[in-house]
**Q** 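Mind having a look at this structure? Questions to follow.
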Amino acid sequence: MTNELMVVKLGGAAGIGLETLCDDVAQLRRDKRRLVLVHGGSDETNRLAEQLGHPSRFVTSISGHTSRVTDRRTLEIFMMATAAINRRLVEQLQARGVNAVGLSGLDGRVIQARRKEAIRVIENGRQRIIRDDWTGTPERINAGLLTTLLDLDLVPVLAPLGISESGEALNLDGDRAAAVIAAGLKAETLILLTNVPGLLRNFPDQTSLIHHIPQGEIESFAQFAEGRMRKKVLGAAEALRAGVRRVVIGDARQPAPVSAAMDGQGTVIG
Amino acid sequence: MTNELMVVKLGGAAGIGLETLCDDVAQLRRDKRRLVLVHGGSDETNRLAEQLGHPSRFVTSISGHTSRVTDRRTLEIFMMATAAINRRLVEQLQARGVNAVGLSGLDGRVIQARRKEAIRVIENGRQRIIRDDWTGTPERINAGLLTTLLDLDLVPVLAPLGISESGEALNLDGDRAAAVIAAGLKAETLILLTNVPGLLRNFPDQTSLIHHIPQGEIESFAQFAEGRMRKKVLGAAEALRAGVRRVVIGDARQPAPVSAAMDGQGTVIG
Amino acid sequence: MTTCLECDAPLTFPPDLIDGEIIPCADCGAELEVLSLSPLQVGLAPAVQEDWGE
Amino acid sequence: MTTCLECDAPLTFPPDLIDGEIIPCADCGAELEVLSLSPLQVGLAPAVQEDWGE
């Protein structure tokens with residue numbers, strides 16, 4: 001059981017209790033669980049961008065996704081904000097005896113991504129193309145480096161940055177980064193933690209939790225997903241197609257959120 | 001020759017040309033050189049702290065060192081500023097085909113340091129004790145992780161953060177961090193790049209370069225060193241005591257600064 | 001007079017044209033991207049690309 | 001009256017005392033650290049520690 005790998009995306013939302021989360025991870029490590037953690041950073045990036053006088057601009061893509069216009073200055077702010085989260089996580093884990101190693105997908109080309117040359121967006125009702133965007137779609141990972149770190153009994157903690165073919169740092173969606181890592185490492189389970197119980201049939205009614213989605217029916221259930229949840233559901237679909245056995249969208253506000261998701265609490269997909 | 005390891009501390013001063021430096025490192029990698037890079041971050045930290053409305057306070061320690069009072073907020077700003085440098089370096093190196101992996105001494109407990117419970121400082125002529133300081137003295141390294149990364153043909157790029165016994169992140173002096181890494185890895189050469197030709201007999205006269213200091217005479221030459229240079233000379237002494245064969249304090253403004261220092265340009269110690 | 005790159009029909013632009021805006025050709029329906037405002041230059045707009053970032 | 005922890009002699013403090021200040025005992029030369037201003041508390045000052053950081 002123990003060589004089964006679990007990839008956990010820690011919801012970037014402010015609601016996540018860092019301390020309780022790290023207690024849970026420390027317990028899983030004592031149970032010899034192999035783990036890779038991936039985190040986000042959108043809230044922290046918003047705050048830091050505001051403080052540095054370069055507030056982020058959000059646009060809606062044709063397919064309804066809201067996402068940040070990541071010009072070069074925003075990318076550098078994103079790199080700093082995600083590093084602050086990464087370091088805090090590693091520090092808290094190390095203090096609990098978990099030998100965590102913080103990386104981003106840029107380092108050792110761990111997450112190779114395709115930079116989107118042009119993005120179609122709708123802004124104030126007008127359709128336009130944005131070209132100077134440093135956002136990427138994760139495509140492949142450097143499984144060798146991550147496996148080496150896991151075999152050294154380390155817990156990789158990854159910031160959602162990728163690298164393009166030509167070596168450019170790129171802003172990645174944390175959920176999709178976690179999905180491509182889970183797929184690349186043939187992980188047993190991908191857990192996407194967020195600050196709701198799971199996929200809700202009628203958001204925001206927390207009691208309308210969808211407990212199980214068979215792999216074949218993800219598209220039809222995707223209609224219930226809005227905004228960031230939509231990205232999670234599509235990330236789950238990608239991971240399952242690539243061989244991950246199970247994806248669980250779990251509630252980060254639980255006392256032991258990762259263990260709870262492992263036990264199937266939340267929306268189990270696959 | 002190729003399995004000889006070189007540890008290079010990249011001067012934090014603004015004067016360092018990132019592009020030319022990375023061209024030099026790329027050439028050294030094509031010549032199969034094993035390299036660990038360490039960087040600083042004091043200037044960037046000052047700027048970011050200013051922008052975030054938490055300007056750094058500098059105090060002078062009893063022995064005349066000027067150093068930053070690193071309260072917790074300053075440490076977090078330091079973590080972000082050094083991460084921005086780290087990511088930029090890794091990005092520039094990756095773009096030149098160098099498989100760089102960015103880490104801090106916190107990750108995988110690469111640099112274990114002792115947190116100074118209390119620091120004696122002189123501020124406005126008054127001697128006092130500062131307790132809430134997140135600064136550390138580097139003591140040991142996790143040589144295993146760094147050697148594994150080197151054996152995977154990667155170039156570790158280290159931010160000057162360490163970890164205390166109890167798992168606290170600590171601000172380290174980049175030169176001393178580089179010295180303890182060179183010692184821990186039994187490096188052949190430690191190169192400390194800075195924005196002057198080397199140790200100058202009478203600063204700031206750039207022609208008064210001291211070309212060579214035999215290991216036994218470091219203490220006497222230390223009198224010529226002021227401020228940050230003083231830390232470099234004492235870092236060099238520590239590295240040599242721990243078995244590093246040669247330390248070179250070189251000029252980062254050279255066209256190929258690392259190669260120039262390798263060839264003995266600057267102040268060669270040992 | 002800026003014309004459509006596909007069918008050469010004249011293009012009509014809103015007064016408050018913005019950089020990068022997508023202008024459909026009234027005649028053939030091709031989609032043109034405003035590459036620069038002054039001088040006014042257009043190019044064929046690239047296909048839709050899904051955009052996901054943090 | 002705050003006295004020296006080593007020799008019990010009364011300590012004299014500057015009017016603008018600052019938190020953490022080191023006050024030498026005029027009698028025995030011991031160095032006292034101001035642990036808190038109000039209430040005024042002192043402790044023996046720790047030995048000198050070299051301070052290096054970025």
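By convention in this document, chain letters (A, B, ...) are assigned in the order of the sequence lines, proteins followed by strands, and residues within each chain are numbered from 1.
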**Q** Just verifying a value: how many Å separate B:S164 OG and A:Q94 CD, rounded to the nearest 0.5 Å?
**A** 10.0 Å
**Q** Start with the C-alpha distance between B:L52 and A:L48, add both sets of side-chain angles, then the distance that settles side chain to side chain contact (heavy atoms under 4.5 Å, CB included), and finish with yes or no.
**A** CA-CA 9 Å; B:L52 293 176; A:L48 187 59; 3.8 Å; yes
**Q** Could you look at B:L106 and say if it's the side chain, the backbone, both or neither that has a heavy atom under 4.5 Å from chain A?
**A** both
**Q** From B:N142 CG over to A:L152 CG, what is the distance, rounded to the nearest 0.5 angstrom?
**A** 8.5 Å
**Q** Taking the side chain as every heavy atom from C-beta outward, state whether B:M79 and A:N86 have any atom pair closer than 4.5 Å.
**A** no
**Q** Given heavy-atom pairs under 4.5 angstrom as the criterion, report whether the side chain, backbone, both or neither of B:A100 touches chain A.
**A** backbone
**Q** Taking 4.0 angstrom as the limit, do B:R72 and A:E91 come out as a salt bridge?
**A** yes
**Q** Please find the pair of heavy atoms, one from B:M80 and one from A:A84, that lie closest to each other, and give the distance.
**A** CG-CB, 3.7 Å
**Q** Using a strict threshold of under 4.0 Å (side-chain N to carboxylate O), is an ion pair present between B:R88 and A:E76?
**A** yes
**Q** For atom CD of A:Q51, is the number of surrounding heavy atoms from other residues, nucleotides or ligands below 6.0 Å larger than 12?
**A** yes
**Q** Select one option (side chain, backbone, both, neither) describing which atoms of A:L161 are under 4.5 Å from chain B's heavy atoms.
**A** side chain
**Q** Are the side chains of B:V110 and A:V101 in touch, meaning some heavy atoms are under 4.5 Å apart?
**A** no
**Q** Do B:D107 and A:V157 have side-chain heavy atoms sitting under 4.5 Å apart?
**A** no
**Q** Are any non-hydrogen side-chain atoms of A:L149 and B:T148 less than 4.5 angstrom apart?
**A** no
